[in-house]
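Whatever order the structure lists ligands and atoms in, that order sets their numbers, starting from 1.
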Amino acid sequence: MKRRPAGSLSSPGRRAKQRNRSMAFVPDFKPPSMIPKDALWFLFQKQKLLTKRDDGRYLIPRSRDIEDLDPRPEPMHFLGLLEGRPCYAGELSPFTDPPITFALKRIRSLFERLEPPLIGLAGLAGQLILWDRNHRFCGRCGQSTRNKRDERAKVCPECGLVNHPRLSPAVIVAVVRDDRLLLAHSQRFPGEFYSVLAGFVEPGETLEACVKREIREEVNIQVKNIRYFGSQPWPFPDSLMIGFTAEYAGGEIRENPSEITDASWFSVDNLPQIPSKISIARQLIDWFVENHK
Ligand SMILES: [Zn+2]
């Protein structure tokens, strides 16, 4: 079966982004010489992020919050500075049983509960930890790899092979036919909703060619006037969603049964259940609604 992103959801909503524009993050991979008490720790146990409970809210723990955890977590990756505060990614031992003041949460469940820069950093941290786990040994000669000193990469000391964190680009497209939007449901969606179509970019392909191929393969529709809309990191596990709008250019809907269970054209006053506010999929649908009222 062809790889396909879940085609929806993800990081910061636009309004929330504007509200938090002041929370500046400066990415970096070289850690400061000391870990300060107020450093932020993005710690994972399996797929879940360690958060601190605070009166119904969830916070990212600081150095002083994790001092008593047993065993005490070690930093695996330095992420950069959030408002001057160092941020680290690490793993929590499977034997650590965090006290009741903490909660282990899946990132998706925190989308609307963590400030946008924090949810983005949690995604980055989870992505780097997975990359770390999957690249401990050289894929070419089997030797143990080391972190490179001058960039975020792993190098094999034996054969010199360098591996950067993997990123899988995927296009996501709002196709408009007059005053109607193409939406589809896939059995792979984590819910009953309909969304705009998405698919992974293949080697040797431009983004525009990928848009045309995906829409044709999934629903037998041709598109034209492809325009860039925006992008969104989607760390499940390592995608970057690249959004486009496009116009219908021909064909009748014929769903590819291995990809799509149902697809149709929807007008603004006839929309089905759609993805949550934080996704670029929803931003594309909101763009259509704004422009077709
Ligand atoms: Zn090697």
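Salt bridge status for Asp150 with Lys148: present, with a side-chain N to carboxylate O gap under 4.0 Å.
The distance cut-off of 2.8 Å around the Zn ion (ligand 1) captures these protein N, O or S atoms, sorted by chain and number: Cys138 SG, Cys141 SG, Cys156 SG, Cys159 SG.
Using a 30° and 60° split on the angle between ring planes, Trp131 and His77 fall in the tilted class, from 30° to 60°.
Remark: Ser267 engages Asp269 in a side-chain hydrogen bond (donor to acceptor under 3.5 Å, both in side chains) (not counting sequence neighbours).
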Indicate every side-chain donor-acceptor pair of residues 59-66 with a distance under 3.5 Å to a residue at least two apart or in another chain.
residue : atom : partner : partner atom : Å
Ser63   : OG   : Pro36   : O            : 2.7
Ser63   : OG   : Trp41   : NE1          : 3.1
Asp65   : OD1  : Lys52   : NZ           : 3.3
Asp65   : OD2  : Arg62   : N            : 2.8

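A 4.5 Å side-chain heavy-atom check between Leu82 and Phe25 finds at least one atom pair inside the cut-off.
Chaining together hydrophobic side chains whose heavy atoms lie under 4.5 Å apart leaves Phe137 on its own.
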